[in-house]
Structures are given as structure tokens and as C-alpha cells.
Asker: 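One structure, pasted below without further comment.
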Amino acid sequence: MGGHSAGPIPMESHDFALWEKRVDALMVLCGAKGLFTVDGLRRALEDMGEDAFEKYSYYDRWIAATNQNLVEAGVYSLEELGQRMEEIAKRGPTYGEAQE
Amino acid sequence: MPHDHHDHDHLSPSGHPYRQDNDAPLTYFQRMEIAVRELLIEKGHLTPAEIATQIDAMDARSPANGAAVVARAWTDPEFKARLMDNAGDATREMGFDIGPLHLVAVENTADTHNMIVCTLCSCYPRNLLGLPPDWYKTRAYRSRAVREPRAVLREFGVELPQTTQIRVHDSTADMRYIVLPARPEGTDGMDAAALARLVTRDSMIGTGLALVPENT
């Protein structure tokens, strides 16, 4: 990415939402427990391709990369993830209501 | 939670727009976060308390930590020598839990200005300064910092003489940099606590300079 031309630097900032802080915490804790490495996260992020950087937010990409590494490490299966995400969708229409 | 009366003010107490959180439609990646978190807990890898503690620890980190380190380096030559030798150990000595990351301090002088970037993604001295500002993670900053640092600095309001050499340091997962800004003129009698108030986040990234005291 370094060295390409690009427009002005966007100076907007935002307060991190709870789900973003949780993604950050999961990533740090899984790394600390040896479930994956930073290199593994990087590989998953790079594999998403350039347009993922346009379409998805920072923590969207981080949870996707965390998930990819956990599936590869055998912590849970893709089926388990898919089933759980479907269950969560039925709990309610907002992040707050979708918590157990 | 009611969702019908937050429509008038989208700024948080810190003046930033709120980002979608508990009161906006659940996104695909939010569902993924919930699922990953629940599965990690159910399978015994993490506890809810560990997650909450980690969030609190990250929230507690802020540029004030770095400012204290910089102010001490300005006032304590022996500490500064240790900081330049091994910034990780020197900051740990001040009681900051910066984890296993390898921290390198780079010093701004009369003829050299340093700035940091992570062209790959977002590596940042997060365990000292907290999470990076949004602009640090943008494609624009990461692309241009290494290509036209002077133009980038101008966007941050920093105009340096052409004779000043600019060094851009590209961070990695294992190697994080922090800029030791130059101590401003007119601060001779100030103690470390007063000096720390002059040290901004951006001055430690190198996209700013330490503030000049107002009453000089």
C-alpha cells in the first residue's frame, strides 16, 4: 500500500463501539493464548483482496481475519459458526438485542 | 433499548460522531463477533471476565502515558539514554504495561524529523498510547506518508524547513516506533508534569510538534 498516490487524509474520528472493542479484545486475547499469530491475521487480511479495504470497515476485516484463523486452528468449525450466526439473527434486530 | 429518540444529536461527549452500536440494525460482522465470542467462551478458551478486563485495559491506555515518558526523557538525561537504548524496557520501568512488543524511540532534533506509519495496516504503539486514530489506519495516510511526507505534514499543519531531514519509519507487528519530539523553546523552568501537557498524541506519531507554552 505504501507509495501509492491517494487523496487528502480524512481527519474524521469516531468513538469505538462496544462491538469494535470486543473484536480488538478477542484478537489480542486469542494471540496471547497462542490460538493464532499476528502473521496469521495478516495473511487472512491480505487474502481478502484490495476491494475488501474499500467495502468493509477496519473491525469488519479484523473479525473476519480472526474467525478465519480460529476455523483453521480447529477451535470451531465453519458449520458451528454459521449455525450460531443464524441463531443470533433470530434473537433481535440490533446488536444490543442479539446478545444472549 | 428504545431507539426512537437519539436522532437529534449524533456527537458523543468527546465531540465525535457515534458509530453504529447497540441501536442500529445488526450487521453481518457484528453477528460474526457475537458468534466468535460465544464459541470461544463455550469451548473454554476465554471467559467473559477476560474480555471485559482486556477492554478496560485498552481503554485505560492513552497518549497521556506517552506524554509522561516524553516529559521524563526531556528532564532526565539518564532516563533518556535508556529510552533511546531500549524504549520497551524504559517505559516498563515507568510502570506501563506495554506487553511483549518491541518499542523503538526515534528522536527529533534540530535537523531531523521523524514520523511513523504502518504501510501494511495499523501497527502502532497501542500498548502505550492506546488505539490509533482513525486517520492513521486510512489508505491515504499509509500510502502517502512514505511518498510525500512533507505534503502529509502540511495537511497536519506542520511546515518544516527544507533543510530538515524527514525520516519515515514503517512499523511492523513486532517493531513499533514512538517519536520523541523536540522539547519546545521557552520551557526551561518547567517540571515534567507541566511539560507532559505539551506533548500531544500527534507529536509522538510525528505528524505534529510538541506545543509551545502559551505564556512565554
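All values below were derived from every heavy atom in this structure, side-chain atoms included, with hydrogens, water molecules and symmetry-related copies excluded. Every chain is numbered from 1 and lettered A, B, ... according to where its sequence line falls, protein lines coming before strand lines.
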Asker: So, A:R91 and B:E38, do they make that salt bridge, N to O below 4.0 Å?
Answerer: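 Yes, this pair counts.
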
Asker: Would the distance check show the side chain of B:E155 and the main-chain N or O of A:I9 forming a donor-acceptor pair, the cut-off being under 3.5 Å?
Answerer: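 Looks like yes, one N/O pair under 3.5 Å.
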
Asker: Under a 4.5 Å cut-off applied to non-hydrogen side-chain atoms, are B:P132 and A:Y58 in contact?
Answerer: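 Not in contact.
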
Asker: Name the region of B:M58, side chain, backbone, both or neither, that has any atom closer than 4.5 Å to a heavy atom of chain A.
Answerer: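 Contact with chain A is through the side chain of B:M58 alone.
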
Asker: Are any non-hydrogen side-chain atoms of B:T27 and A:Y95 less than 4.5 angstrom apart?
Answerer: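 Answer no - side chains too far apart.
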
Asker: Hey, which of A:V38, A:V23, A:N67 has the most heavy atom pairs under 4.5 Å with chain B?
Answerer: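 That would be A:N67.
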
Asker: Look only at the side chain of A:R84 and the backbone of B:A35, and say whether a donor-acceptor pair between them is shorter than 3.5 Å.
Answerer: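 Here the side-chain-to-backbone pair does not exist.
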
Asker: Select, from B:V117, B:V168, B:T53, B:L131, the one with the greatest count of heavy-atom pairs under 4.5 Å involving chain A.
Answerer: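 Highest number of heavy-atom pairs under 4.5 Å: B:L131.
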
Asker: Are A:K33 and B:E50 close enough that some pair of their side-chain heavy atoms sits under 4.5 Å apart?
Answerer: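 Answer yes - side chains close enough.
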
Asker: Taking the side chain as every heavy atom from C-beta outward, state whether B:L120 and A:E46 have any pair of such atoms under 4.5 Å apart.
Answerer: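 B:L120 vs A:E46: side chains touch.
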
Asker: With a 4.5 Å cut-off on side-chain heavy atoms, are B:F156 and A:M11 touching?
Answerer: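 Yes; the side chains approach each other to less than 4.5 Å.
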
Asker: Less than 4.5 Å to any heavy atom of chain A: does that hold for the side chain of B:I34, its backbone, both, or neither?
Answerer: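 Both parts, heavy atoms under 4.5 Å.
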
Asker: With a 4.5 angstrom heavy-atom cut-off, could you sort out which part of B:P149 is near chain A: side chain, backbone, both or neither?
Answerer: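 The answer is neither part of B:P149.
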
